[in-house]
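Heads up, the thing below is written out as structure tokens.
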Amino acid sequence: MDTRTLSLNDPHAEAEAVRVLAAGGLVALPTETVYGLAGDATRGESVARIFEAKGRPSFNPLIAHVSDREMARRIARFDASAERLADLFWPGPLTLVLPLEEGSPVHPLALAGLSSVAVRMPRGAASDIIAKLGRPLAAPSANASGRVSATSAGEVRRTLGGRIELILDGGLCALGLESTILKVEADGIRLLRPGALTVEEVEAATGAQILAASGGGIEAPGQMSSHYAPSGRVRLGARNVEPGEHFLAFGPQEVPGAGEAAALVNLSEAGDLREAAAGLFAALAGFDDPAIERIAVAPIPERGLGQAINDRLRRAAAPRE
Ligand code: AMP
Ligand code: MG
């Protein structure tokens, strides 16, 4: 893929970014923290492409970036304390982890299956683009997995060039540090990730004491295992279906015994990993029913997005404590 770069000084840059995003494409754009690798947070295939472009071997929840409070409230449930934090620090380098609002348009893949959601309102061009698109953007740092967050368009091009449609060059990011992530809970506000907004600033402005994260630090993918782990037993790498099993298929090939499956869902009849990633969490949720005791899952190739899909499936199959 040919990755174009447009300067933010170009009067057509924002409109072009909106056009690419509305078509499901990916745009690296500057925010006040670091460059974000942005895609439409409501489209599973765009979110799948973000993970693919970053080459991450697992799915982690992504921050939904919004342009105004109304959009944020359609995504997440704000209590008084969350409203106050947003009043004080939005737009800005503060991400709030809140309960997911009913009917939230954010795609389950961007949530990595969680029932909470991280939301942030950035400053500047990113915010204008989101407002024009009219939908939230998922935008993790614009770097390949395992590399440091990119703070210039040149760094973005070095690691993501050829994998995304467009880079908007807005020069160096003002802060150069990721957003601070706070989780707002009934018993207080917890720091999930230190970032550009200091705990001291938050405490001084709110008068509240910020609590340390329970379980230490950021909620890593390993801690989120159980949400969409179905209650039944999961058999991976299934090349046949035993009578009465629920079957999660992948690809066009016929599988022996499939006719006797209790139910069959194909993650992608075409064998497309992007489509499979986009449908994975919904499929696991659909099989999460106490009446469903046995689930067989077809082998998924361990390449590209298949790595992250298999990581999630292994978690779903792991014994529950
Ligand atoms: P970034 O790479 O800056 O987009 O940050 C994404 C990080 O936000 C993830 O790795 C998580 O640590 C955190 N995050 C996103 N959503 C949630 C959530 N629902 N609960 C806890 N942490 C979250
Ligand atoms: Mg990052």
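Values in this document were obtained by computation on a predicted structure and should not be read as measured data. In each ligand, atom 1 is the first atom listed, and ligand 1 is the first ligand listed.
V156 approaches A150 most closely through the heavy-atom pair CG2-CB, 3.6 Å.
In this structure a side-chain-to-backbone donor-acceptor pair under 3.5 Å is missing from R43 to E45.
Counting atoms of ligand 1 from 1 in the listed order, those under 4.0 Å from a heavy atom of S116 are 18 (C), 19 (N), 20 (N). For ligand 1, the atoms sitting less than 4.0 Å from at least one non-hydrogen atom of L192 are 21 (C), 22 (N), numbered in the order shown with element in parentheses. Less than 4.0 angstrom separates some heavy atom of P140 from each of these atoms of ligand 1: 4 (O). Residue contact check: N60 has heavy atoms under 4.0 Å from atoms 9 (C), 10 (O) of ligand 1. With ligand atoms numbered from 1 in the order given, ligand 1 contributes 19 (N) to contacts under 4.0 Å with heavy atoms of V117. Distances below 4.0 Å separate heavy atoms of L114 from the following atoms of ligand 1: 18 (C), 19 (N), 20 (N). Close contacts between ligand 1 and P61 involve ligand atoms 6 (C), 7 (C), 9 (C), 14 (N), 15 (C), 16 (N), 17 (C), 23 (C) [criterion: under 4.0 Å to a heavy atom].
Scanning A213, A142, A118 for the heavy atom closest to atom 15 (C) of ligand 1 points to A118. Compare R56, E178, R193 by their heavy atoms: the one nearest to atom 5 (O) of ligand 1 is in R193.
In this model, no donor atom of one side chain and acceptor atom of the other lie less than 3.5 Å apart for S268 and R274. Side chains of T31 and R120: a donor-acceptor N/O pair is present below 3.5 angstrom, by distance only.
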May I have the list of side-chain donor-acceptor pairs in residues 126-140 shorter than 3.5 Å, sequence neighbours left out?
residue, atom, partner, partner atom, Å
K132, NZ, E14, OE1, 2.9
R135, NE, D40, OD2, 2.6
R135, NH2, D40, OD2, 3.3

Atom pairs and distances, donor-acceptor, side-chain atoms in residues 291-302, under 3.5 Å, two or more places apart:
residue, atom, partner, partner atom, Å
R294, NH2, P243, O, 3.0
E302, OE1, N310, ND2, 2.8

Run E16 and R19 through salt bridge (charged side-chain N to carboxylate O under 4.0 Å, His left out) and show every step you take.
CA-CA 5 Å; E16 188 52 18; R19 196 190 61 75; 2.7 Å; yes
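Only the side chain of I181 comes within 4.0 Å of ligand 1, counting heavy atoms alone; its backbone N, CA, C and O stay farther away. Contacts between K183 and ligand 1, counted as non-hydrogen atom pairs separated by less than 4.0 Å, are absent for every part of the residue.
Note that CZ of R147 and NZ of K54 are 11.0 Å apart. Values are rounded to the nearest 0.5 Å.
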